[in-house]
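Sequence lines set the chain letters: A, B, ... in the order given, protein chains first and strands last, and positions in each chain run from 1.
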Number of protein chains: 2
Amino acid sequence: MGFLSRERVLSMPTRKLESVVSLNDIRVACKACSLKEICLPVGIDKDDLDHLDAIIDRKRPLARGEHLFHVGDNFQSIYAVRSGSLKTYTTSEDGQEQVMGFQLPGELVGLDAIAENCHPLAAKALETTSVCEIPFDELEKLSGQIGGLQHQLLRVMSQEIRDDEQNMVILGQKSAEQRLAAFLIGLSNRFRRRGFSANQFNLSMSRSDIGNYLGLALETVSRLFTRFQNEGLLSVDRKHIELLDRDQLYTFSGAHCAADEAPKAQTEN
Amino acid sequence: MGFLSRERVLSMPTRKLESVVSLNDIRVACKACSLKEICLPVGIDKDDLDHLDAIIDRKRPLARGEHLFHVGDNFQSIYAVRSGSLKTYTTSEDGQEQVMGFQLPGELVGLDAIAENCHPLAAKALETTSVCEIPFDELEKLSGQIGGLQHQLLRVMSQEIRDDEQNMVILGQKSAEQRLAAFLIGLSNRFRRRGFSANQFNLSMSRSDIGNYLGLALETVSRLFTRFQNEGLLSVDRKHIELLDRDQLYTFSGAHCAADEAPKAQTEN
DNA sequence: TTTAAATATTGATATAGATCAATGAATTTG
DNA sequence: CAAATTCATTGATCTATATCAATATTTAAA
């Protein structure tokens, strides 16, 4: 159990190691992990849940800079971030890196590998990060048996497509200012959805990662942070961000997608 | 049957109308529609195929400019293009349009609507276009029963995520020249995969749509077409494109993803 | 600690591609 | 078939943001 205490995971049940699993423990752990959307879909009974849980593997945490998988790696599993954060990226033949996304606790990585059975992106820990590994063939088998799970899986993938579309809009026609504003509002919403503060958070990624992700030079990102701060929209202290005028920032972002601002109520019990 | 003759669909079986369905006819029609990836997955037996086919509805063709669905429309079905082409797009509150993609025969639309049960994009016919309507709840039910279908569906969605990621790379860090080259190579590959000519095709979308999709001004697109032509890379005649130096164009595109260039062999029987 | 390496900020300058503007095809419409 | 409309091309200019460069700060290492 040693490594668990080093993580920010609340009541981690001991698993695999001791072979006996308490369903209650699992529920608690998964709730802390905020992965309930996938792991605890409404309407799955205890028995099904047991099956589902049985296939999920809690891996040892990754250190900052460690890879969860590399480009071209054989696809076996999808992963859910439990704590910490990841970035996914590719590298073009000229060595140029393109950051494709950042994964926060409760978010999934690897769905883009299903199509070709190998990972098109690499996933790297931005800080100490722990994940759940979900073997895909087993998940698939299970979701054939559990109707709700299948639907949930399709929903999650659909949402990812949607998010990517949003990103295309941002990259395709937003100004630098709008991009950064949208990025911050987006992050804020994601934190809020996971039960973290929406107005105050730490960026685990570098300015360069942000710039790369948003299609901007890191200098531009830096300048914008300063400007936003001067305009009283937020306060920056290195990695720490506090949103002071969320509404204004939202307006700046040239918002279009109502879904971004008003996250619908989760079935929270 | 009247409207069918107006389309470019080969041997369309009469269906629903006459209530008796010949399996052979279906196979032929779906092959022509080049949708076999979804509709004719390997390993689905005749019985299953029958079930699958029974839920698919061939709709009357759309005229140029007609919408298949609008933003916010309730999500019922996904659609497969049989002939013609579509564009999907959103409109931001300031009236600015963002083109998200183009769908060619054999490609699907609407997968991004599963998550929220409503369409985040509108889909509009770029020319006379016919589609198959696949009611999603029925597809979902079926894919719970037919293992191969479930996997196929996940694969298709995964591929869409992947394609969107590719687009992010293009929008995020490619030059105008690279974007257009990548766009043309991409189109060419998609045509080839569907059995059309890879080196000669008609653009059903306007320069403005292309520019919008690529995050460029239409003037830039126009200038690039002229330049590519002057450089002997292709020949343009209004909508008609002939790729003269595909390799060079491919190099220009700053290619990264091997998958783009070498489409793997389809299980063709 | 001190040094070294990585990361961030800020300024000066250059440029790719946007925007504005005019003209020239194509296509559609009456 | 003429008129109108849409779409495409080409040119001139302007601007947002990249790039180059120097310095400052933070983090990691020794």
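- A heavy-atom distance below 4.5 Å is found between the side chains of B:Leu203 and B:Leu187.
- Separating the NE2 atom of A:His240 from the P atom of C:dA8 is a distance of 16 Å, rounded to the nearest angstrom.
- Distance A:Glu127 CD to D:dT27 P: 14 Å, rounded to the nearest Å.
- Side-chain atoms of A:Asn230 and A:Arg227 form no donor-acceptor pair, as typed in the model, at a separation below 3.5 Å.
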Candidate pair A:Arg190 and A:Phe196, rule side chain to side chain contact (heavy atoms under 4.5 Å, CB included), full reasoning: CA-CA 9 Å; A:Arg190 287 157 73 190; A:Phe196 300 103; over 6 Å; no
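- Considering only the side chain of A:Ser206, C:dA8 comes nearest among D:dA28, C:dA8, D:dC7.
- If you take CG on A:Leu111 and CZ on B:Arg162, they are separated by 12.5 Å, rounding to the nearest 0.5 Å.
- The nearest whole Å value for the distance from the CG atom in B:Leu171 to the C1' atom in C:dG17 is 15 Å.
- B:Asn212 has its CG atom 14 Å from the C1' atom of C:dA18, to the nearest Å.
- Between B:Tyr89 and B:His67, the ring planes lie tilted relative to each other; the angle falls in the 30° to 60° range.
- To the nearest angstrom, P of D:dA24 lies 19 Å from CZ of A:Arg207.
- Atom CG of residue B:Leu171 and atom CD1 of residue A:Ile170 lie 11.5 Å apart, to the nearest 0.5 angstrom.
- Rounded to whole angstrom, the span from the CD1 atom of A:Ile210 across to the P atom of C:dT9 amounts to 10 Å.
- Mapping B:Ser208 and A:Arg179 onto DNA chain D via the closest heavy atom, the residue that lands nearer the 5' end is B:Ser208.
- At D:dT25, none of the side-chain N or O atoms of A:Arg238 fall inside 4.0 Å of OP1 or OP2 (strictly under the cut-off).
- Atom NZ in B:Lys174 sits about 17 Å away from atom C1' in D:dA18, given to the nearest Å.
- Going from atom CZ of A:Arg227 over to atom P of C:dT9 covers 15 Å, rounded to whole Å.
- Counting non-hydrogen atoms under 4.0 angstrom, B:Gly211 reaches nothing in the nucleic acid.
- A salt bridge links A:Glu97 with A:Lys87; the closest basic N to acidic carboxylate O contact falls under 4.0 Å.
- A:Lys239 has a side-chain polar atom (N or O) that falls below the 4.0 Å cut-off from OP1 or OP2 of C:dA8.
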Which pairs, protein N/O on one side and nucleotides 10-16 of chain C N/O on the other, fall under 3.5 Å?
unit_1	atom_1	unit_2	atom_2	d
C:dT10	OP2	A:Thr226	OG1	2.8
C:dG11	N7	A:Arg223	NH1	2.8
C:dG11	O6	A:Arg223	NH2	3.3

